[in-house]
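The basis for the numbers below is simple: all heavy atoms, side chains too, and nothing from hydrogens, waters or symmetry mates.
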Amino acid sequence: MTKSHSIRHLTAALAKAQAEMPVAMFDAQNKFLNSRYASLGAVIEASRPILAKYQLSLVQFPISDATGIGVESILAHESGEFVSERIVIPLSEEKGKTKVQCAGSTLTYVRRYSWASILGMYSDEDSDGSSPVQAFTTKPTPALPPPPMKPTQHVQNN
C-alpha cells in the first residue's frame, strides 16, 4: 500500500462514510456458483453519493506487468491525503472470447473487488462454505465395505 504522509483526515472521513454506506444491490447472477453479487456499476452507484458527501474520491487505473493485468485504486480526501493499492492477476483465456474480451472481463472483476475492498463494502453473497476452491476440490471416494469374514469354526472341548 502507498499512502500520503498523514491519512488522519481521510480515515476520519472514511469512517463516517462507512457508517452511512448503503448495501450495494445484488443485481447479477453467477451461473457457475449459483450465487448473486453486486455488479461493478451497482457498487459504484451505491458508494458515490456517500463518497462525495465526505469529500472522498476513488479512482482506478488499468495497469499491467509481465505477470498479468489489474488496477491501481486510489482513495483520496479533499485534504490531499490518499491511500492506494495495486492488484495484478494473470490474464486467462476463455473459450469463445478473444484476448481483449478476456482482459475486459478481468479488469471489471478486479475493479469491482478493489472498489468494494478499499471502501470496506461487501459485494457477494456469503458462499456458506461453497467457495470456488471447494467447487473444484475432488470429493473423497467412499470407503469400500470390509471384506466378507470367513465363518468361524467352533471347536468343542470334551
Side-chain angles (χ1 to χ4, degrees), residues 1-7 10-11 13-78 80-144:
M1 178 174 72
T2 305
K3 64 182 185 69
S4 55
H5 179 68
S6 169
I7 57 170
L10 183 145
T11 56
L14 183 58
K16 291 174 187 173
Q18 286 175 331
E20 294 182 28
M21 195 74 63
V23 174
M25 188 171 82
F26 284 26
D27 62 344
Q29 180 80 24
N30 181 326
K31 59 186 174 188
F32 299 107
L33 298 176
N34 195 27
S35 61
R36 298 176 320 134
Y37 65 94
S39 66
L40 174 60
V43 171
I44 292 172
E45 186 177 318
S47 60
R48 270 199 178 144
I50 303 301
L51 292 173
K53 179 177 178 180
Y54 291 101
Q55 295 78 43
L56 294 164
S57 65
L58 180 53
V59 294
Q60 295 180 310
F61 300 97
I63 58 173
S64 64
D65 64 19
T67 64
I69 63 170
V71 297
E72 178 171 11
S73 300
I74 304 168
L75 178 64
H77 183 258
E78 72 171 358
E81 296 174 346
F82 73 94
V83 293
S84 71
E85 187 59 80
R86 295 173 151 227
I87 181 169
V88 175
I89 62 173
L91 181 58
S92 61
E93 293 186 34
E94 294 178 46
K95 186 177 179 180
K97 285 188 176 182
T98 67
K99 286 185 180 182
V100 173
Q101 289 171 320
C102 290
S105 296
T106 300
L107 285 173
T108 300
Y109 181 86
V110 174
R111 284 189 65 207
R112 178 170 61 92
Y113 276 98
S114 295
W115 189 284
S117 294
I118 203 165
L119 296 178
M121 299 174 75
Y122 63 88
S123 60
D124 289 310
E125 284 184 326
D126 182 0
S127 62
D128 198 27
S130 300
S131 73
V133 172
Q134 289 174 331
F136 295 105
T137 303
T138 57
K139 294 183 176 144
T141 310
L144 295 173

Legend entry - Reported CH2-to-CG distance for the pair Trp115 and Leu40, which is rounded to 0.5 angstrom: 7.5 Å

Legend entry - Nearest-0.5 Å distance that lies between atom CG in Leu14 and atom CD1 in Ile50: 12.0 Å

Legend entry - Stepwise side-chain hydrogen bond (donor to acceptor under 3.5 Å, both in side chains) test for Glu81 and Ser6: CA-CA 6 Å; Glu81 296 174 346; Ser6 169; 3.0 Å; yes

Legend entry - Rounded distance [0.5 Å steps], OG1 in Thr11 versus NZ in Lys16: 10.5 Å

Inset, instruction - State which residues pass salt bridge (Lys or Arg N to Asp or Glu O under 4.0 Å) with Glu72; sequence neighbours excluded, sorted by chain then number. - result: Arg86

Inset, instruction - Determine the minimum heavy-atom distance between Gln60 and Val71, stating which atoms define it. - result: NE2-CG2, 4.3 Å

Inset, instruction - Output yes when a side-chain donor or acceptor of Thr2 lies under 3.5 Å from a complementary backbone atom of Ser84, and no otherwise. - result: no

Inset, instruction - Can you measure from OG (Ser114) to CD1 (Ile74) and round to the nearest 0.5 angstrom? - result: 12.0 Å

Legend entry - Side-chain donor/acceptor of Gln55 to backbone N/O of Lys53, under 3.5 Å: yes

Legend entry - Distance (rounded to the nearest 0.5 Å) between Arg112 CZ and Ser117 OG: 10.0 Å

Legend entry - For the student: nearest non-hydrogen atoms of Leu10 and Leu75, plus distance: CD1-O, 3.4 Å

Legend entry - Shortest non-hydrogen separation from Gly70 to Val110 and the atoms involved: CA-CG1, 4.4 Å

Legend entry - Over all atoms of both residues, closest heavy-atom pair of Cys102 and Glu93: SG-CA, 3.9 Å

Legend entry - Spatial distance of atom OG (Ser73) from atom CD1 (Ile87) [nearest 0.5 Å]: 8.5 Å

Legend entry - Shortest non-hydrogen contact between Ile69 and Ala103, atoms and distance: CD1-O, 3.5 Å

Legend entry - Minimum heavy-atom distance between His77 and Tyr54, given as atom pair plus value: CD2-O, 3.7 Å

Inset, instruction - Evaluate the criterion side-chain contact (heavy atoms from CB on, under 4.5 Å) for residue pair Leu51 and Leu119; output intermediate values, then yes/no. - result: CA-CA 9 Å; Leu51 292 173; Leu119 296 178; 3.7 Å; yes

